[in-house]
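Working notes for the structure below.
All values below come from the heavy atoms of this structure, side chains included, with hydrogens, waters and symmetry mates left out. When a ligand or atom number is given, it counts from 1 through the structure's own listing order.
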Amino acid sequence: MRIESVELHHLRLSLVHPFETSFGREELKDTLVIEVHGGGLTGWGEAPAHGRPAYSADTVDTCWVALQQYILPAVVGKELGSAQDLQDALVFLRGHAFARAGIETAFQDLLARSRKLPLCVHLGGERRPILAGVSLGIQPTPDLVRRVGEFVSRGYRRVKIKIKPEHDRELLEAVRREHPALMLKADANGAYGLADTRHIETFDEFRLLALEQPFAFDDLVDHATLQARIGTPLALDESLPTLGAARSALRLGSMRVANIKLARMGGHVPSLQLRDLCRGAGVPVFCGGMLETGIGRCHNIALATQPGFTIPGDISESARYYDPDIVDPPIVVDANGTITPRAEPGIGVEVRRDRLEKARVRHAKFP
Ligand code: OSB
Ligand code: MG
């Protein structure tokens with residue numbers, strides 16, 4: 001398969017609800033949608049970077065430059081037999097994982113469509129329902145408890161809540177009181193330090209599925225010290241930017257669960273390699289999210305159906321963030337709290353060009 005041309009669509013979408021984490025509050029979401037053309041077919045991918053380098057160094061602007069200057073010249077017009085071939089053509093590239101994920105996911109969609117297979121089957125899995133999960137930002141405790149209740153009544157069986165110092169125990173206690181059996185995760189996005197160890201030890205009573213990224217994005221050692229002192233499994237997110245970092249984390253005992261994000265890892269190929277590493281170490285994994293549009297969301301769903309993704313991830317329905325989403329039909333959660341990948345080839349949804357163009361702030365074609 002040859003990628004003949006690529007289009008970049010920088011979108012700015014308003015979120016249905018503002019999303020607040022320990023790094024700030026977002027009301028608008030910028031993202032980069034990547035459209036690849038080849039063999040008479042079109043594939044869609046997404047680099048769901050933010051407008052500012054807060055979660056990682058990647059922004060839509062850095063993705064834009066990395067794609068135009070380095071990535072697209074290395075892959076467009078080349079005969080690439082597989083997504084591994086595309087990754088091999090990019091071995092020179094350090095970092096820029098979100099941009100790499102954008103082109104790789106688009107190419108995987110193109111390959112799946114050329115094989116007339118749903119993306120989940122093309123990737124090596126089977127088309128099976130996955131448990132949905134919702135990630136709820138920082139907000140006053142009564143609002144959060146009400147929001148959890150709304151999602152639970154709509155069928156969601158797994159909820160992740162964002163926490164930070166002074167905004168943790170009270171929240172967890174309130175949610176646990178109302179939902180004793182809910183699968184609950186807490187994510188701190190690096191807001192704590194080793195000095196908070198005694199406080200974090202008290203979270204064991206909340207029976208969390210995992211406590212995600214309590215310490216800094218570049219730490220593995222303190223996470224290992226904390227993991228040895230608590231019963232709650234730690235899940236790493238920001239601290240796993242590469243396979244090498246993950247190998248170190250597994251060796252050190254810094255986590256008992258891994259959050260695998262397509263954007264952070266640079267596509268399906270490295271995400272599945274991380275799954276394999278974790279499997280070898282007996283560490284279960286889940287698929288995380290970055291507020292993706294329907295395009296990235298379909299890629300997340302396909303990844304989450306792969307063998308080894310035994311912990312329910314952070315994949316919610318389209319309407320949680322975007323109403324309307326840019327894809328048709330939107331992604332929905334059924335009454336059992338599950339999402340079923342579509343049977344059509346590739347991501348299985350149609351990208352609505354009218355909505356894409358309405359949300360677009362910048363557009364480029366390559367070559
Ligand atoms: O830490 O997992 C995170 C969103 C943006 C940046 C970081 C994170 C998140 C989420 C949202 O938790 C997951 C989603 O619903 O897409
Ligand atoms: Mg996280």
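Both tests do not hold together for Lys29 against Tyr322: distance to the six-membered ring centre under 6.0 Å, angle to the ring axis within 45°.
Between Lys164 and Glu166, no side-chain nitrogen of the basic residue sits less than 4.0 Å from a carboxylate oxygen of the acidic one, so the salt-bridge criterion is not met. Between Glu104 and Arg100, no side-chain nitrogen of the basic residue sits less than 4.0 Å from a carboxylate oxygen of the acidic one, so the salt-bridge criterion is not met. Taking a cutoff of 4.0 Å between a charged side-chain nitrogen and a carboxylate oxygen, Arg147 and Glu150 qualify as a salt bridge. Residues Glu35 and Arg353 are paired through a salt bridge, judged by an N-O separation under 4.0 Å between the basic side chain and the carboxylate.
At a cut-off of 2.8 Å, measuring from the Mg ion (ligand 2), the protein N, O or S atoms that fall short of it are Asp187 OD2, Glu212 OE2, Asp237 OD2, waters left aside.
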Just list the N/O pairs, ligand 1 to protein, that are under 3.5 Å apart, with the distance for each.
{"residue": "ligand 1", "atom": "1 (O)", "partner": "Lys162", "partner atom": "NZ", "Å": "3.0"}
{"residue": "ligand 1", "atom": "1 (O)", "partner": "Asp187", "partner atom": "OD2", "Å": "2.9"}
{"residue": "ligand 1", "atom": "1 (O)", "partner": "Asn189", "partner atom": "ND2", "Å": "2.8"}
{"residue": "ligand 1", "atom": "1 (O)", "partner": "Asp237", "partner atom": "OD2", "Å": "3.1"}
{"residue": "ligand 1", "atom": "2 (O)", "partner": "Lys160", "partner atom": "NZ", "Å": "3.1"}
{"residue": "ligand 1", "atom": "2 (O)", "partner": "Asp187", "partner atom": "OD2", "Å": "3.4"}
{"residue": "ligand 1", "atom": "2 (O)", "partner": "Asp237", "partner atom": "OD2", "Å": "3.4"}
{"residue": "ligand 1", "atom": "2 (O)", "partner": "Lys261", "partner atom": "NZ", "Å": "2.9"}
{"residue": "ligand 1", "atom": "12 (O)", "partner": "Ser135", "partner atom": "OG", "Å": "2.9"}
{"residue": "ligand 1", "atom": "12 (O)", "partner": "Lys162", "partner atom": "NZ", "Å": "3.0"}
{"residue": "ligand 1", "atom": "15 (O)", "partner": "Tyr321", "partner atom": "OH", "Å": "2.6"}
{"residue": "ligand 1", "atom": "16 (O)", "partner": "Met290", "partner atom": "N", "Å": "3.3"}
{"residue": "ligand 1", "atom": "16 (O)", "partner": "Leu291", "partner atom": "N", "Å": "2.9"}

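For residues 270-294, there are no salt bridge (Lys or Arg N to Asp or Glu O under 4.0 Å) pairs, not counting sequence neighbours. For residues 209-234, every residue pair satisfying the salt bridge (Lys or Arg N to Asp or Glu O under 4.0 Å) rule, not counting sequence neighbours, is listed here: Lys160-Glu212, Glu201-Arg229.
Distance alone, capped at 3.5 Å, is enough to place a donor-acceptor pair between the Arg2 side chain and the Gly77 backbone.
Of the inter-residue distances, the one linking Asp196 atom CG with Leu194 atom CG reads 8.5 Å to the nearest 0.5 angstrom.
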